[in-house]
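Structure, as structure tokens:
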Amino acid sequence: MAKKNKEFHMDPWSARGIDEEDYERLIKEFGIERIGEIERQKLIDNRFIRRKIIFGHRSLDDIFKAIEKKQPWAVMSGIKPSGPFHLGTLTTALEIVEFQKMGAKAYYCIADIESWEDNGIPYEEAEEAGVDNLADILALGLDPSPDKAYIWRQSKEPIVKDVCFKVGRLLTQNMVNAIYGEKRFGLYLAALIQVGDILLPQILDAPQPTIVPVGIDQDPHIRLTRDLTRRYYKDIKEDEKIVRDAFFLPGATYHKLLTGLDGTDKMSKRNPNSHFTFNEPIDSIIKKLKGALTGGRKNKKEQQELGGEPQKCMIYKILTYHFEEDDEKLADDFEKCVKGELMCGEHKKECIEKVVKFIENHQKKKEKLIDKAREILKIG
RNA sequence: GGGGGUGUAGCGUAGUGGCAGCGCAGUGGUCUCCAAAACCAAAGGUCGUAGGUUCAAAUCCUACCACCCCCA
């Protein structure tokens with residue numbers, strides 16, 4: 001209620017939830033484009049597109065053009081090494097892997113400057129988490145070969161720091177306030193470093209379309225980056241001749257965020273019951289899933305008469321995001337739930353089995369990739 | 001550089017010298033197909049840190065630390 005009067009700040013660093021009304025607003029007022037039928041068809045292999053988890057984008061058309069003309073393009077995203085992988089980071093990671101499979105060169109950033117600025121974790125302490133996170137995405141299928149991927153740590157990559165200072169000249173206090181609200185100064189710096197991360201493919205290689213798959217809460221970074229790119233990375237001319245084209249405005253895809261397993265606004269580190277990590281003991285994961293919010297009715301009788309409410313159900317949600325491969329089975333379970341034929345206890349049990357299988361399998365793959373991750377990040 | 005303010009449980013707060021309390025969150029239980037909601041119960045504190053005054057300090061004094069505001 002009060003929200004309508006308040007200024008709309010979507011904050012990449014806070015844990016505020018985002019509701020349907022916000023999504024509409026982002027599309028109407030902030031220029032995010034809906035994923036239309038054409039984009040949908042072109043990306044139909046992507047589960048997140050099919051299931052409308054990725055709901056919006058900027059400049060996806062540049063990517064399709066590059067694909068058509070067989071020109072190079074990039075996918076860029078990263079992770080803040082402040083803890084283990086969870087279902088939220090899994091979404092972005094899978095998106096990167098998907099785009100790489102479609103032909104993009106993948107640029108993956110370990111955002112250790114941000115984990116210092118945001119969480120107070122010194123670079124050295126972020127190393128282990130960085131290795132762990134990288135091993136996770138390798139296990140999910142990221143191909144690290146040098147022609148297909150470039151992986152870096154912010155603190156060790158001078159180019160991204162250069163960009164921070166270069167574009168910093170274009171920014172005023174009022175602009176950062178409008179985008180992020182009042183924050184610790186270091187967070188603004190981290191945001192500018194991230195501008196460097198997003199532009200890195202075009203700096204290291206040549207101007208090319210870049211897609212940044214992110215959660216919708218990261219859009220402020222995308223807006224800032226596009227604004228600064230437009231103003232700073234223009235055509236470079238020598239003697240009236242263009243020697244380097246202007247950069248492409250970095251594009252993005254936006255996915256909806258998973259809410260907390262326990263029914264709270266957002267999965268957050270603060271609230272351990274809202275999420276589980278990939279490094280967590282299996283019995284702890286099971287316990288959290290057992291306690292997950294469902295859309296079930298008061299008792300069995302009412303459930304059979306009225307049917308469940310899968311829209312509210314976290315079990316249904318995480319199956320949709322990650323753990324049910326089969327579209328038909330998913331739709332079928334939705335139907336059964338609404339008709340009152342599927343009981344939550346039973347559905348939960350099924351879901352738990354799938355999650356446990358996934359985590360155990362993932363751990364096995366990951367274990368073998370830790371050394372590889374160390375090698376890539378040059379951490380001994 | 002100067003001035004003012006704040007610091008009490010995970011979070012929000014009450015407490016002006018005499019047993020450190022309340023709300024929310026978290027935990028356990030009842031209920032439930034499982035959760036949620038509701039109800040019941042238990043738990044949680046070096047009162048920012050270090051000194052000092054006092055029979056007695058969250059409370060008064062000193063220094064330091066962290067954060068916020070104002071002035072130059």
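Letters A, B, ... mirror the listed sequences (proteins, then strands); counts begin at 1.
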Nearest-Å distance once atom [atom1] is located in both [N] and [M]:
N	M	atom1	value
B/C67	B/C24	C1'	24 Å
B/G12	B/A25	P	15 Å
B/U49	B/A14	C1'	24 Å
B/A42	B/U13	C1'	23 Å
B/A20	B/G45	P	14 Å
B/C47	B/G7	P	14 Å

Check: residues 112-134 of chain A side-chain donor-acceptor pairs under 3.5 Å, at least two apart:
| residue | atom | partner | partner atom | Å |
| --- | --- | --- | --- | --- |
| A/Asp112 | OD1 | A/Gln154 | N | 3.4 |
| A/Asp112 | OD1 | A/Ser155 | N | 2.9 |
| A/Asp112 | OD2 | A/Ser155 | OG | 2.5 |
| A/Glu114 | OE2 | A/Trp13 | NE1 | 2.8 |
| A/Ser115 | OG | A/Asp112 | O | 3.0 |
| A/Asp118 | OD2 | A/Lys80 | NZ | 2.7 |
| A/Asn119 | OD1 | A/Lys80 | NZ | 3.1 |
| A/Glu127 | OE2 | A/Arg153 | NH1 | 3.3 |
| A/Glu128 | OE1 | A/Arg374 | NH2 | 3.2 |
| A/Glu128 | OE2 | A/Arg374 | NH1 | 3.3 |
| A/Asp132 | OD1 | A/Lys366 | NZ | 2.9 |
| A/Asp132 | OD2 | A/Asn279 | ND2 | 3.1 |
| A/Asp132 | OD2 | A/Lys366 | NZ | 3.4 |
| A/Asn133 | ND2 | A/Gly83 | O | 3.1 |
| A/Asn133 | ND2 | A/Ala129 | O | 3.4 |

Short N-O contact, A/Lys65 and A/Asp61, less than 4.0 angstrom: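 No, this pair does not count.
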Residues A/Glu325, A/Arg47: salt bridge by 4.0 Å N-O rule: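 A salt bridge is present here (some side-chain N lies under 4.0 Å from a carboxylate O).
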Are any protein N/O atoms closer than 3.5 Å to N/O atoms in nucleotides 24-33 of chain B? If there are, list each pair with its distance.
| residue | atom | partner | partner atom | Å |
| --- | --- | --- | --- | --- |
| B/G26 | O3' | A/Asn273 | ND2 | 3.4 |
| B/U27 | OP1 | A/Asn273 | ND2 | 2.6 |
| B/U32 | O2' | A/Lys298 | O | 3.0 |
| B/C33 | OP1 | A/Lys300 | N | 2.3 |
| B/C33 | O2 | A/Cys344 | N | 3.2 |
| B/C33 | O2 | A/Gly345 | N | 2.8 |
| B/C33 | N3 | A/Cys344 | N | 3.1 |
| B/C33 | N4 | A/Gln303 | OE1 | 3.1 |

Intra- and interstrand pairs of RNA chain B - dot-bracket, Watson-Crick/G-U under 3.5 Å, | marks other strand: (((((((..((((....[..))))..((((.......))))......(((((..]....)))))))))))).
Geometric cation-pi criterion, A/Lys166 with A/Tyr232: 6.0 Å, 45°: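 A/Lys166 over A/Tyr232 ring: no.
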Length of the line joining A/Tyr316:OH and B/A36:P, which is rounded to integer Å: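 It is 22 Å, rounded to the nearest whole Å.
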